[in-house]
Amino acid sequence: MQDLDFLERLCQSRMIASVKEHKTLEKAAKAQVGAVVLSIGNIGNIKSFVDLYKKNRIPVFLHVERLGGLSQDSEGMAFLATCVKPDGIVTTRNQLIKLAKKEGLLTIQRVFLFDSDSVKSGLKSVQETQPNAIEIMPALLPEYIRVYRQETNIPIIAGGLIQTREQIREALQSGAVAVSMGTHELWREPVGEVLSDGGPGGEES
């Protein structure tokens with residue numbers, strides 16, 4: 001998948017399913033989301049998970065630090081690109097972003113914001129690596145979504161701690177192109193309704 005195709009899909013759906021449990025694999029495959037991020041699996045089963053989403057024409061990204069048995073080096077990245085064939089990866093590590101780009105994979109760089117130093121170091125990292133998208137965590141920091149939008153020309157994804165429709169709406173209205181959620185009850189929420197209605201969403205079960 002090309003960068004522009006991925007961005008266009010995100011702009012249409014504006015939701016990413018963050019899959020952290022086996023029980024939500026099928027739920028994500030049936031949801032109208034722009035992409036799926038897998039934070040489960042190992043080198044023995046991850047290809048079958050990726051194939052599930054490719055069969056349903058859903059872009060799939062792998063959180064590489066969470067994959068069991070994968071070496072986090074050039075050989076490991078080459079294995080992902082040639083054998084597993086996801087659309088891209090999610091990582092906090094600059095080096096993995098660089099390796100993935102060399103293999104032709106799309107990249108989402110995850111940035112955790114917990115103080116002013118992390119805001120500055122995160123900006124420095126993404127300006128160096130130039131990923132296809134930045135995932136800001138937690139998502140409940142609308143003012144820093146705006147800061148990253150102003151300081152970079154990279155699409156912003158807001159992820160982490162989203163439990164309600166109001167939180168989705170605030171993140172999107174602050175400049176995020178999409179939100180990433182593990183709360184599967186929210187994966188089917190129509191974006192138009194979310195943006196026009198700040199009512200509560202479902203709690204994650």
Side-chain angles (χ1 to χ4, degrees), residues 1-111 125-126 128-137 154-160 176-182 184 187-188:
M1 171 170 282
Q2 298 297 313
D3 181 25
L4 291 178
D5 294 332
F6 172 56
L7 183 58
E8 181 179 357
R9 186 179 175 104
L10 281 189
C11 289
Q12 291 174 351
S13 170
R14 309 201 71 178
M15 294 196 187
I16 296 173
S18 177
V19 177
K20 303 174 184 178
E21 300 177 289
H22 286 81
K23 68 181 182 180
T24 58
L25 282 165
E26 291 286 347
K27 289 184 173 71
K30 296 175 182 178
Q32 299 299 311
V33 294
V36 167
V37 172
L38 286 172
S39 296
I40 57 173
N42 55 58
I43 59 172
N45 60 20
I46 193 62
K47 188 177 187 327
S48 65
F49 297 165
V50 169
D51 289 346
L52 168 66
Y53 297 111
K54 285 189 169 292
K55 180 181 178 181
N56 287 276
R57 298 183 179 180
I58 300 173
V60 56
F61 288 72
L62 304 181
H63 185 182
V64 288
E65 288 97 327
R66 298 284 183 89
L67 294 184
L70 178 73
S71 61
Q72 294 181 26
D73 55 19
S74 58
E75 288 80 8
M77 198 61 65
F79 170 78
L80 283 185
T82 59
C83 298
V84 182
K85 299 182 180 179
D87 293 283
I89 69 159
V90 176
T91 181
T92 61
R93 296 177 54 192
N94 287 20
Q95 183 61 20
L96 291 178
I97 293 287
K98 294 174 183 177
L99 291 174
K101 291 173 77 171
K102 287 182 180 179
E103 295 293 340
L105 296 172
L106 296 175
T107 57
I108 299 173
Q109 187 155 356
R110 185 170 285 178
V111 178
S125 289
V126 299
E128 174 189 339
T129 59
Q130 292 293 305
N132 297 99
I134 305 164
E135 182 178 11
I136 291 179
M137 300 187 77
I154 303 171
I156 305 296
I157 297 166
V177 68
V179 292
S180 177
M181 302 172 294
H184 63 82
W187 292 345
R188 292 176 176 268

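Along the sequence shown, the residues carry numbers beginning at 1.
The CG atom of L62 sits 6.0 Å away from the CG atom of L38 when rounded to the nearest 0.5 Å. Between the CD1 atom in I97 and the CD atom in Q109 there is a gap of 4.5 Å [rounded to 0.5 Å]. Considering CD1 of I89 and NZ of K101, their distance stands at 10.5 Å, rounded to 0.5 Å.
Residues L99 and D73 come closest through the heavy atom pair CD1-C, 3.6 Å. P59 and R9 get closest at one heavy-atom pair: CD-NE, 3.1 Å. Contact detail for V84 and K47: the closest heavy-atom pair is CG1-CA, 4.1 Å. Between P86 and L80, the shortest heavy-atom contact is CD-O, 3.3 Å.
Contact of the Q32 side chain with the R188 side chain is not registered, since no non-hydrogen atoms from C-beta on lie closer than 4.5 Å. A 4.5 Å side-chain heavy-atom check between M77 and L96 finds at least one atom pair inside the cut-off. Side-chain atoms of C11 and V177, non-hydrogen and from C-beta on, do get closer than 4.5 Å to each other. Side chains of M15 and W187 form no contact here, defined as non-hydrogen atoms less than 4.5 Å apart. Looking only at side-chain heavy atoms (C-beta outward), S125 and V111 stay at 4.5 Å or farther from each other.
Under a 4.0 Å N-O distance rule, the pair K55/D51 does not qualify as a salt bridge. Remark: K54 engages D87 in a salt bridge, criterion side-chain N to carboxylate O under 4.0 Å. Taking 4.0 Å as the cut-off between side-chain N and carboxylate O, E128 and K98 count as a salt-bridged pair.
I16 pairs in a side-chain contact (heavy atoms from CB on, under 4.5 Å) with only one of the listed residues (V90, I58, V37), which is V37.
Checked against the 6.0 Å centroid threshold, F61 and Y53 do not count as a close aromatic pair.
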